[in-house]
Q: 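Have a look at this one before I ask anything.
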2 protein chains.
Amino acid sequence: MKKKRSDCPISCSLDVFGDKWSLLIIRDIMLRGKMSYSEFLESEEKIATNILVNRLKVLEEENILSKSVSPANKSKFIYRLTQKGVDLLPIVIEIMDWGARYNENCPRRELGKKIQKDKIKVIAEYLEKLRNEVD
Amino acid sequence: MKKKRSDCPISCSLDVFGDKWSLLIIRDIMLRGKMSYSEFLESEEKIATNILVNRLKVLEEENILSKSVSPANKSKFIYRLTQKGVDLLPIVIEIMDWGARYNENCPRRELGKKIQKDKIKVIAEYLEKLRNEVD
DNA sequence: CTTTGTACTTGCAAAATGCAATAACAAATA
DNA sequence: TATTTGTTATTGCATTTTGCAAGTACAAAG
């Protein structure tokens, strides 16, 4: 872990995932059920391979993701959220809510509206889904 | 505004404030009542002047901050949150909550515990405080 | 024993950041 | 008027991070 800029909890958090890519990987695992390197590469934002490797490494070091060998394919790794990673869900949901509110052309506007109507329920639903997958 | 990587609301949001500094400026205004360039410079994370100028400019362009001349000092500018900026409060609170939960030595642990006990109330309190200041 | 899929590495150019010095300009002071 | 102070912003340059293209390593499948 690189040195912290301060002990402020917001600053500490941004030291870990304050970049343009980390939370997109989290999103892929959390909301889209992705689990592997190649699935992350497919996402529409087109992350570069060196950045992806680096972010997966940092997120694993920070104990936000766990990495294990796929039972189905021994040359494949599976990335899962730890509890610390699952706890990022409210942040991701709030960011999605804000983004949906202030962006036209958002393909997930329905989910955005659902969130605005009952955020706590949406979070609870995803948490339930994730509960069985946590490492 | 730079080009968006995708129409995903999370990606769009990160295009705007997905860096290590923007949300710290928002924090200073939102939670610490700071309003001016020199106050932002004083924060413990020690943002560089060129980064600060650039982030204030971007946040103003994105209509998250408004910039006006100080009535008390005509050579001073005052930065305030717009409604779009105030709407970032839940994100900031969730990030603070997560950061406080997973970091020792956090000087605002009391606030962290208060958030965990009654997040909605904390958000409502800050919203009330900010309501009168919005531009 | 060649092909495919998966994860990762390398090299290089471009962009962002960190740091130090300095400028522009209004207000306050001498 | 001249000088100093406070505030905001700019510039130059070194360092770091990112984007992009190509290539490597290695296990599984055919």
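Values below: every heavy atom of this structure, side chains too, minus hydrogens, waters and symmetry copies. Source: prediction; values computed, not measured. Numbers restart at 1 for each chain; the letters A, B, ... are given by sequence-line order, proteins then strands.
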Q: Whole-Å distance between C:dT9 C1' and A:Leu41 CG?
A: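 From A:Leu41 CG to C:dT9 C1': 14 Å.
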Q: Contact class for B:Phe77 (heavy atom, under 4.0 Å): base, sugar-phosphate, or nothing?
A: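 B:Phe77: backbone/sugar contact only, no base atoms under 4.0 Å.
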Q: Rounded to whole Å, please give me the gap between OH in A:Tyr37 and C1' in D:dT24.
A: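 In whole Å, D:dT24 C1' and A:Tyr37 OH are 12 Å from each other.
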Q: Would you kindly give the CD-to-P distance between B:Glu45 and C:dC19, to the nearest whole Å?
A: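 Distance, rounded to whole Å: 13 Å.
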Q: Which sits closer to the 5' end of DNA chain D, A:Ile47 or B:Glu39, going by the nucleotide each is nearest to?
A: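 Its nearest nucleotide lies further toward 5', so the answer is B:Glu39.
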Q: With sequence neighbours left out, what residues match B:Asp19 under side chain to side chain contact (heavy atoms under 4.5 Å, CB included)?
A: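 For B:Asp19, the residues satisfying side chain to side chain contact (heavy atoms under 4.5 Å, CB included) (neighbours in sequence not counted) are B:Trp21, B:Ser22, B:Arg55.
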Q: C:dC8 phosphate, OP1 or OP2: any side-chain N/O from A:Lys67 under 4.0 angstrom?
A: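 Indeed, a polar side-chain atom of A:Lys67 lies that close.
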Q: Heavy atoms only, 4.0 Å cut-off, all strands: where does B:Phe40 land among base, sugar-phosphate and nothing?
A: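 No contact.
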Q: Mind checking if B:Arg55 touches a base, just sugar-phosphate, or nothing, with heavy atoms under 4.0 Å?
A: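 Sugar-phosphate contact only - B:Arg55 comes under 4.0 Å of backbone atoms but never of a base.
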Q: Whole angstroms only, please: what is the CG-P distance between B:Asn54 and C:dT17?
A: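 Going from B:Asn54 (CG) to C:dT17 (P), I get 7 Å.
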Q: On DNA chain C, check which nucleotide each of A:Arg5 and A:Val53 is closest to and give me the residue with the more 5' one.
A: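 Nearer the 5' end of the strand: A:Val53.
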Q: Taking only N/O atoms, report every protein-nucleotides 20-26 of chain C pair under 3.5 Å with atom names and distance.
A:
none

Q: Would you please confirm or rule out a distance under 4.0 Å between OP1 or OP2 of D:dT17 and any side-chain N or O of A:Trp21?
A: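 So the side-chain polar atoms of A:Trp21 never come under 4.0 Å of the phosphate oxygens OP1 or OP2 of D:dT17.
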Q: Please enumerate all residues that pass side chain to side chain contact (heavy atoms under 4.5 Å, CB included) together with A:Ala124, with sequence neighbours excluded.
A: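 Result, side chain to side chain contact (heavy atoms under 4.5 Å, CB included) vs A:Ala124: none returned.
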Q: Whole Å only: how far is the OH atom of A:Tyr79 from the P atom of C:dT6?
A: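 Nearest whole value for this atom pair: 13 Å.
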Q: Using the rule that Ile, Leu, Val, Met, Phe, Trp and Tyr join whenever any side-chain heavy atoms are under 4.5 Å apart, tell me whether A:Ile91 and A:Val58 fall into a single cluster.
A: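 Not linked; separate clusters.
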Q: To the nearest Å, give me how far apart CE (A:Met35) and C1' (C:dA7) are.
A: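 Taking atom C1' of C:dA7 as the reference, CE of A:Met35 is at 17 Å.
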Q: Counting only side-chain heavy atoms from C-beta out, which of D:dT18, D:dA9, C:dG18 sits nearest to B:Ile51?
A: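 It is C:dG18.
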Q: Which comes earlier along DNA chain C counting from the 5' end, the contact point of A:Leu56 or that of B:Ala48, where each point is its nearest nucleotide?
A: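 The residue closer to the strand's 5' end, by nearest nucleotide, is A:Leu56.
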Q: Hey, is the side chain of B:Ser38 poking within less than 4.0 Å of OP1 or OP2 on D:dG6, counting only N and O atoms?
A: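 Checking D:dG6 against B:Ser38, no side-chain N or O comes under 4.0 Å of OP1 or OP2.
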Q: Provide, to the nearest angstrom, the distance between the CG atom belonging to B:Asp15 and the P atom belonging to D:dT18.
A: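 It is 14 Å, rounded to the nearest whole Å.
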Q: Who pairs with A:Thr49 by side chain to side chain contact (heavy atoms under 4.5 Å, CB included), at least two apart in sequence or on another chain?
A: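 Side chain to side chain contact (heavy atoms under 4.5 Å, CB included) list for A:Thr49, sorted by chain: A:Tyr37, A:Leu41.
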Q: Is the shortest heavy-atom distance from the side chain of A:Tyr79 to the side chain of A:Leu59 under 4.5 Å?
A: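 They are not in side-chain contact.
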Q: Kindly point out which of D:dT7, C:dT17, C:dA7 is positioned nearest to the side chain of B:Lys76?
A: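 Within the option list, the nearest is D:dT7.
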Q: How many whole angstroms separate atom CD of B:Glu42 from atom P of D:dG6?
A: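 One finds 12 Å between P of D:dG6 and CD of B:Glu42, rounded.
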Q: Who else is in A:Ile120's hydrophobic cluster (ILVMFWY, side-chain heavy atoms under 4.5 Å, direct or via others)?
A: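 Listed partners: B:Ile120.
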Q: Checking B:Lys84 now: which residues fulfil side chain to side chain contact (heavy atoms under 4.5 Å, CB included) with it, not counting sequence neighbours?
A: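 With neighbours one apart ignored, the set is A:Trp98, A:Tyr102, B:Glu62, B:Ile64, B:Thr82.
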Q: Is the shortest distance from a Lys or Arg side-chain nitrogen in A:Glu60 or A:Arg80 to a carboxylate oxygen in the other one below 4.0 Å?
A: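 A:Arg80 and A:Glu60: not salt-bridged.
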